[in-house]
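Please read the structure below before turning to the comments.
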2 protein chains.
Amino acid sequence: MQMDERKQKILKAIVQDYIATAEPVGSRTISKKFELGVSPATIRNEMADLEELGLIEQPHTSAGRVPSDLGYRYYVDCLMDPVVLSEKEKKIINQEVVKRLDELQEVIEYTGKLVSQVTNLTSLVLKPKNRESALKKIYFLPYETGKAIMVTVKDNGTVDNSIVDIGEDTSPEELQILANIFNDRLSGSKAQDLKKGLLNEIYSELSKKRRMLDGVLGILERMFEPKDGENKERVYLGGTLNMLNQPEFKDIDKVKNLFSLFEENRKLQELLNPGDDIQGLNITIGSENPDLAFKECSIISATYHINGKQIGSVGVLGPTRMDYSKAITIVDYMTKSLTEILTNKYRGQQI
Amino acid sequence: MQMDERKQKILKAIVQDYIATAEPVGSRTISKKFELGVSPATIRNEMADLEELGLIEQPHTSAGRVPSDLGYRYYVDCLMDPVVLSEKEKKIINQEVVKRLDELQEVIEYTGKLVSQVTNLTSLVLKPKNRESALKKIYFLPYETGKAIMVTVKDNGTVDNSIVDIGEDTSPEELQILANIFNDRLSGSKAQDLKKGLLNEIYSELSKKRRMLDGVLGILERMFEPKDGENKERVYLGGTLNMLNQPEFKDIDKVKNLFSLFEENRKLQELLNPGDDIQGLNITIGSENPDLAFKECSIISATYHINGKQIGSVGVLGPTRMDYSKAITIVDYMTKSLTEILTNKYRGQQI
DNA sequence: ATTAGCACTCACCTTGCAAGAGTGCTAACA
DNA sequence: TGTTAGCACTCTTGCAAGGTGAGTGCTAAT
């Protein structure tokens with residue numbers, strides 16, 4: 001059996017109506033709402049075929065039809081009408097993002113907020129991953145007796161500061177010597193490398209300063225290992241409450257399951273990057289998802305880039321019965337927009 | 001009518017049984033489970049009295065009794081048995097907190113996690129408020145052509161850094177002069193004051209550097225105004241999902257309401273500080289709460305201190321039918337513990 | 001190939017009824 | 001006078017029966 005044009009039209013009608021109403025769609029409804037020029041009986045015949053093809057299913061004998069995951073997939077791949085954003089909507093997205101460009105954290109959060117508001121779904125935003133970075137420069141500044149401010153510059157441009165214990169007997173000159181040693185030796189090395197080679201050299205210069213040195217190295221080490229804080233990859237969620245408005249989540253147990261999963265960041269990351277290599281838009285529908293817990297959900301995600309390098313992702317999560325065309329358009333536009341804005345901002349810089 | 005001892009025992013039995021089972025408590029149940037040495041009929045008489053006093057109520061004529069908000073209040077104030085934490089529990093709390101002492105953010109988050117785990121309720125932790133702080137010291141360090149790292153030290157000890165645009169024609173010497181001017185003039189002043197008096201002076205020294213100066217002042221200003229980020233007071237929630245396990249929230253609409261409120265940080269702050277002046281433990285039961293939305297919830301909160309100064313709060317939120325004695329004990333111990341640990345850490349320092 | 005018609009199925013709602021839990025009242029008892 | 005046993009009453013809960021309506025599949029006519 002093949003999909004002819006009429007079957008396509010009927011499937012499309014079923015999906016669209018079901019997306020809109022969340023109720024199983026009957027043959028009569030289709031023949032009334034959509035102008036196909038055929039009677040309910042004909043549609044019934046076609047629906048039997050569609051069911052045989054696995055594209056739609058019946059909750060029970062006397063109910064209408066509901067799209068299967070496969071049906072949604074066919075709809076997404078072949079039938080969906082593209083949605084275009086109005087210039088106004090585009091402007092809002094761009095302006096709001098640009099407004100917050102100074103603070104990366106804010107961009108992330110706002111992107112999520114925006115996406116979830118527009119789609120009425122839950123948004124997922126993967127924070128840009130700090131790439132492997134190496135130390136470039138160290139400065140010490142006076143703080144209070146026995147302590148100094150250590151300012152570090154990494155080769156990706158980030159600047160951090162922390163307080164180190166230097167003991168009361170360290171003179172500014174000694175500190176300067178230490179900084180010089182670091183700066184001479186470290187260009188481009190990672191913390192681990194530092195520790196091995198550098199220790200002897202510095203010990204010979206400042207034999208008494210062992211405690212202080214350990215402090216400095218400790219801080220450096222912590223700075224480079226991926227921690228809970230800034231450096232770790234993390235998915236930010238927005239509009240999680242929107243899920244509660246979906247009729248498929250009127251059951252409290254489902255909500256509990258879903259929200260529990262929301263707290264497992266690792267799973268969310270897998271969700272956002274079903275295949276790491278795939279460029280562009282990614283759509284995972286229902287049971288296509290490896291995790292059973294999401295078998296009633298679909299995820300649409302896309303990556304954004306700076307200077308051609310993949311940086312993070314934006315996605316939405318909703319029930320399988322979601323407005324795919326709108327969601328896809330938003331996610332697509334959002335990532336393209338982010339890519340453009342960020343690439344503009346960091347033009348030519350290595351990230 | 002007065003509360004005699006038997007009435008108290010019966011009320012206590014009703015509250016305790018209702019807390020445990022979430023089912024209206026009948027006279028027969030009480031006479032069986034609790035050894036009062038009287039028959040159900042007698043208990044019924046007393047219950048009628050308790051109802052007249054407004055301490056318990058009946059969902060419907062043929063159901064058992066349920067404590068009213070007033071009943072819980074009486075229970076909390078007069079009847080409750082104190083719970084003591086085992087040494088083991090105390091140790092866990094202390095160790096886990098101390099382990100994370102380096103990162104304030106982590107202490108907050110872990111405190112919340114711990115509290116919600118132990119109580120099976122939702123925890124609220126108010127992050128320490130950065131007190132009004134003034135600038136103490138500024139340093140400039142080289143970054144890349146046209147840009148410099150500005151390191152600021154505030155008088156509460158915090159150190160921040162940011163990148164400023166200095167234009168390509170600013171020499172290190174000029175930067176040093178600028179830093180000197182700032183450091184001479186600013187001791188203890190806030191950003192706004194700076195702007196007014198300082199400008200002319202600096203303009204006369206570095207007349208060409210207007211753009212750069214504006215950049216520096218802009219950053220300073222933003223640094224001092226309470227922002228979305230670090231400086232703003234914020235309540236952190238833990239174990240919000242625990243609420244879903246409570247039978248009173250099996251209705252999805254209630255969940256939606258509650259969770260919406262969770263996103264309004266300002267309301268949560270009010271919740272944690274019902275009266276700003278009150279020292280020690282605070283218990284708000286059901287409709288005692290000014291916000292209608294929480295009329296089925298109780299909040300227990302307490303503040304913690306550093307060197308006698310109020311810093312933040314810890315609280316739990318649950319249905320009115322919650323285990324008050326346990327919750328109170330935990331919150332109390334947690335804040336006392338935090339106060340001790342933090343005061344120890346910051347001994348003598350001004351916070 | 002399409003359609004009208006019809007019998008059939010099944011979820012859903014309403015209604016009625018029985019069971020059970022709990023109360024309030026009354027009268028008897030210590 | 002306080003306590004208790006007994007009883008009638010109330011109200012929820014659960015279950016079964018029956019009616020309704022939406023929707024289907026099949027068949028026969030167009």
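Naming: A, B, ... by sequence-line order, numbering from 1 per chain. Computed over heavy atoms, backbone and side chain alike; hydrogens, waters and symmetry mates excluded.
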Could you state the atom-to-atom distance from CD1 of B:Ile56 to C1' of C:dG24 in whole Å? 14 Å
Whole-Å gap separating P (C:dG22) and CD (B:Glu57): 18 Å
So, does B:Thr42 get its side chain near the phosphate of D:dT4, meaning an N or O under 4.0 Å from OP1 or OP2? yes
Between A:Pro319 and A:Leu121, what is the shortest heavy-atom contact and its length? CD-CD2, 4.1 Å
Rounded to the nearest angstrom, tell me the gap between atom CG in A:Leu36 and atom P in C:dA1. 19 Å
Under-4.0 Å side-chain N/O to phosphate OP1/OP2 contact, A:Thr61 with C:dT9: no
Between B:Arg321 and B:Glu296, is the closest basic N to carboxylate O distance under 4.0 Å? no
Nearest whole angstrom, please: distance from the C1' of D:dT3 to the CD of B:Glu46. 11 Å
Centroid-centroid under 6.0 Å between A:Tyr75 and A:Tyr72 rings: no
Phosphate-side-chain proximity, B:Arg28 and D:dA5, N/O vs OP1/OP2 below 4.0 Å: no
Sugar-phosphate only, base, or nothing, as touched by B:Ala63 at under 4.0 Å among non-hydrogen atoms: sugar-phosphate
Between D:dT4, D:dT24, C:dT23, which one does the side chain of A:Met47 approach most closely? D:dT24
Send over the distance from B:Lys33 NZ to C:dA21 P, rounded to a whole Å. 14 Å
Taking only side-chain N and O atoms of A:Ser62, does any of them lie within less than 4.0 angstrom of OP1 or OP2 on C:dA11? no
OP1, OP2 of C:dT2 versus side-chain N and O of A:Arg44: anything below 4.0 Å? no
What is the distance from CD1 of A:Ile43 to P of D:dT24, rounded to the nearest Å? 10 Å
Do the non-hydrogen side-chain atoms of B:Lys12 and B:Met80 ever get within less than 4.5 Å of each other? no
Quick note, A:His60 side chain, CB onward, closest among D:dT24, C:dC10, C:dG22 is C:dC10
Counting only side-chain heavy atoms from C-beta out, which of D:dT3, C:dT3, C:dT2 sits nearest to B:Arg6? D:dT3
Toward the 5' end of DNA chain D, which comes first, A:Pro24 or A:Ala41, by nearest nucleotide? A:Pro24
From CD of A:Glu23 over to C1' of D:dG23, roughly how many Å is that when rounded to an integer? 13 Å
Using only side-chain N and O atoms of B:Arg65, determine if any of them is under 4.0 Å from OP1 or OP2 of C:dT23. yes
Quickly work out the B:Asn45 CG to D:dT4 P distance and round it to whole Å. 10 Å
Give me the atom names and distance for the closest heavy-atom approach of B:Pro59 to B:Pro24. CG-CG, 4.1 Å
